[in-house]
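All values derive from a computational prediction rather than experimental measurement.
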Amino acid sequence: MQPNYSNFPRNVGPDMIVTMDPTTPNTFDNVYFQNLQKGLGLFTSDQVLFTDQRSKGTVNMWASNSKAFQTAFINPMTKLGRVGVKTGKNGNIRRDCGTFN
């Protein structure tokens, strides 16, 4: 199943924003996974989550069970929040993600 690229605007600048979930772009929900089941993944790397047998079961579970998705999201996000922010000379806010300032 190939993603539907017909919604992509042509010849746009690097500041163009395209929503990863065109169905419910302003809601934190499991529709992103339902879109993968329909072949509507924005990026090939997203769509592979559904086509690869190692992750397809997780996509199906989260697409059919919003509570399971939200519960699975809580723990890693909580851990990420404990990482801490590097500041001053220990940090670097990149102007270009591919290079250090």
Heavy-atom check, side chain of Gln47 versus side chain of Leu36, under 4.5 Å: yes

Met20 vs Phe43, side-chain contact (heavy atoms from CB on, under 4.5 Å): CA-CA, chis, key distance, verdict: CA-CA 8 Å; Met20 292 183 69; Phe43 302 110; 4.3 Å; yes

Could you work out, with side-chain contact (heavy atoms from CB on, under 4.5 Å) as the rule, every residue matching [X], not counting sequence neighbours?
X: Asp29; value: Asp21, Thr24, Thr27, Val31
X: Ile74; value: Thr78
X: Ser64; value: none
X: Thr87; value: Val85

Contacts of Arg54 that satisfy side-chain hydrogen bond (donor to acceptor under 3.5 Å, both in side chains) - sequence neighbours left out: Asp52

Over all heavy atoms of both residues, which pair between [X] and [Y] is shortest? Give the atoms and the distance, please.
X: Gln37; Y: Phe50; value: CG-CE1, 3.6 Å
X: Met61; Y: Ala68; value: CG-CB, 4.5 Å
X: Ser55; Y: Leu49; value: OG-O, 2.7 Å

Aromatic plane relationship, Trp62 with Phe33 - under 30° parallel, 30 to 60° tilted, over 60° perpendicular: perpendicular

Contacts of Tyr32 that satisfy ring-ring contact (aromatic ring centres under 6.0 Å, His included) - sequence neighbours left out: none

Atom pair CG (Asp46) and CG (Asn35), whose distance is rounded to the nearest 0.5 Å: 10.5 Å

Same apolar cluster: Val48 and Leu42, side chain cutoff 4.5 Å: no

